[in-house]
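The structure presented is a predicted model; accordingly, all values stated were derived computationally and were not measured.
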Number of protein chains: 2
Amino acid sequence: MSLTARERILTAADELFYGDGIATTGVDAVVDRAGVALGSVYNNFGGKDGLVEAYLRRRDHLWRALWERVAADAATPRERVLSVFDALLEWCRDQAADQGCAQVAGLLQLPAGHPAVAVARTHKEHLMRRLTELAAGLTGVREVAEDVAILYEGVLVRMLLGSPPEEAIPRARKMAETVIAARSGTSAP
Amino acid sequence: MSLTARERILTAADELFYGDGIATTGVDAVVDRAGVALGSVYNNFGGKDGLVEAYLRRRDHLWRALWERVAADAATPRERVLSVFDALLEWCRDQAADQGCAQVAGLLQLPAGHPAVAVARTHKEHLMRRLTELAAGLTGVREVAEDVAILYEGVLVRMLLGSPPEEAIPRARKMAETVIAARSGTSAP
DNA sequence: CACCAAGTAGAACCGTGGTTCTAGTCCTAC
DNA sequence: GTAGGACTAGAACCACGGTTCTACTTGGTG
């Protein structure tokens, strides 16, 4: 066997959970696509809840790594905050992103007490913290982070609604530039 | 009886579907909260699918009406596009909006063929069309509409993630102002 | 070799939740 | 008054999906 059952399950779950929704896709569908025994899901993840949590946690890790890698190329604070849009664009070149943010989707379709909602919340808290850190040096650090967060979430929803990434993401990035410039007093008193 | 069963069901469904999620809340829960017989749901809506569709359709109507009413008070094209943020803020004064946009939530948790997803898609298409109409007269009508849409969706997600409406909505509105001003070449007052 | 962990195949269980049906009540309109 | 439509109460049905269990195979390791 080339890949371990756990990884096969995780990739299958990612495709199905993200593409068709979490509640909509049953464990059987994941098992079928992964070409794996039903028991392997329960051996590795303890149940569907555990699988969903692992699904969001994996995406969380991937995104954090991507953010870090892309931000490392940025020289100025301004470019650093803006790099989240570059990261998003890079993600879209490889993966499907036509369902928006998986973490937000998880928050919306999972019941309040579900173990995976904590993962999603933490993911977004991390994004805010990271944006604040990246913006260090700009005027109005906290404000810039909040602004960029709105634009970031907004463009993801617009992509869910059919906007092409190559158009929407640069648009959001440009808005962020404009807003940052206006805040730092570059063009306005 | 003060209210008809259909209306009781719709208000109960609205609270539960929006607050707890659509897939999560069963027909029984709606029936219990509405204080209504189970059969009334099937008499009036034909089933859960019909109820979900009616739920989104009702919200669609409410939002369209609110947008129109608030936009009517605006004098300039610039104020007209920005009025969607005023409408959103007004909505938040009366209703809970801590779960973001119900239409987006519907898109994310309903299967592809569900009758309600068409309602949600139409709702968002209408928003885009309306934004374009409201922006008529500004430089870059289509671009302004796209920009405002991103900000609008973004602030709704940020509210879902815990941002207080009284803070996030004016922030998004301010960004829209800045972006519009930058696009039309005039510096902000 | 023997062992053990990981994986497989398939059946079976069972709670949840959407749906249907029946019998009866209440109000309205003709 | 009576016929009809809306609504109620509650039982019953039924399918789907998450979960468990057993028996078997496989591959690596001491």
*What's the CG-C1' distance between A:Leu16 and D:dG17, to the nearest Å?*
15 Å

*What's the closest nucleotide to the B:Lys48 side chain, out of C:dA9, C:dT20, C:dG18?*
C:dG18

_Is it the case that the ring center of B:His123 lies less than 6.0 angstrom away from the ring center of B:Trp67?_
yes

*In whole angstrom, what separates B:Ile22's CD1 from C:dG18's P?*
12 Å

*Over how many whole Å does the gap from A:Arg8 atom CZ to C:dG7 atom P extend?*
10 Å

*Taking atom C1' of C:dA9 as reference, at what distance in whole Å does atom CG of A:Asp28 sit?*
13 Å

_Side chain of B:Tyr42 - closest among D:dA9, C:dG7, C:dG18_ = C:dG18

*Which of these nucleotides, D:dC7, D:dT20, C:dT19, is closest to any side-chain atom of B:Asn43?*
D:dC7

*Figure out the CG/P separation between A:Leu51 and D:dG17, and round it to whole Å.*
16 Å

*Rounding to a whole Å, what distance do you find between A:Asn44:CG and C:dA5:C1'?*
12 Å

*Within the pair A:Thr4 and C:dA6, is there a side-chain N or O less than 4.0 Å away from OP1 or OP2?*
no

*Between B:Met159 and B:Pro165, which heavy-atom pair has the shortest distance, and what is it?*
CE-CG, 4.1 Å

*asked:* Regarding A:Arg129 and A:Glu125, does a basic nitrogen lie under 4.0 Å from an acidic carboxylate oxygen?
replied: no

*asked:* What's the closest nucleotide to the side chain of B:Ser40 if the choices are C:dT8, C:dG7, D:dT8?
replied: D:dT8

_Nearest-angstrom distance from the residue atom CG of B:Leu110 to P of C:dG18_ = 13 Å

_A:Leu38, nearest nucleotide to its side chain (from D:dT19, C:dG18, D:dC7)_ = D:dT19

*How do A:Gly39 and A:Thr25 order along DNA chain D: which one's closest nucleotide is nearer the 5' end?*
A:Thr25

*Using a strict 4.0 Å threshold on nitrogen-to-oxygen distance, state whether A:Lys174 and A:Glu177 make a salt bridge.*
no

_Cation-pi check, A:Arg59 onto A:Phe17 ring (under 6.0 Å, within 45° of axis)_ = no

*Nearest of C:dG18, D:dT8, D:dG18 to any side-chain atom of B:Ala5?*
D:dT8

*What is the nucleic acid contact for B:Gly26, judged by heavy atoms within less than 4.0 Å: base, sugar-phosphate only, or nothing?*
sugar-phosphate

*Give the rounded distance in Å between these two atoms: CG of A:Asp49 and C1' of D:dG18.*
10 Å

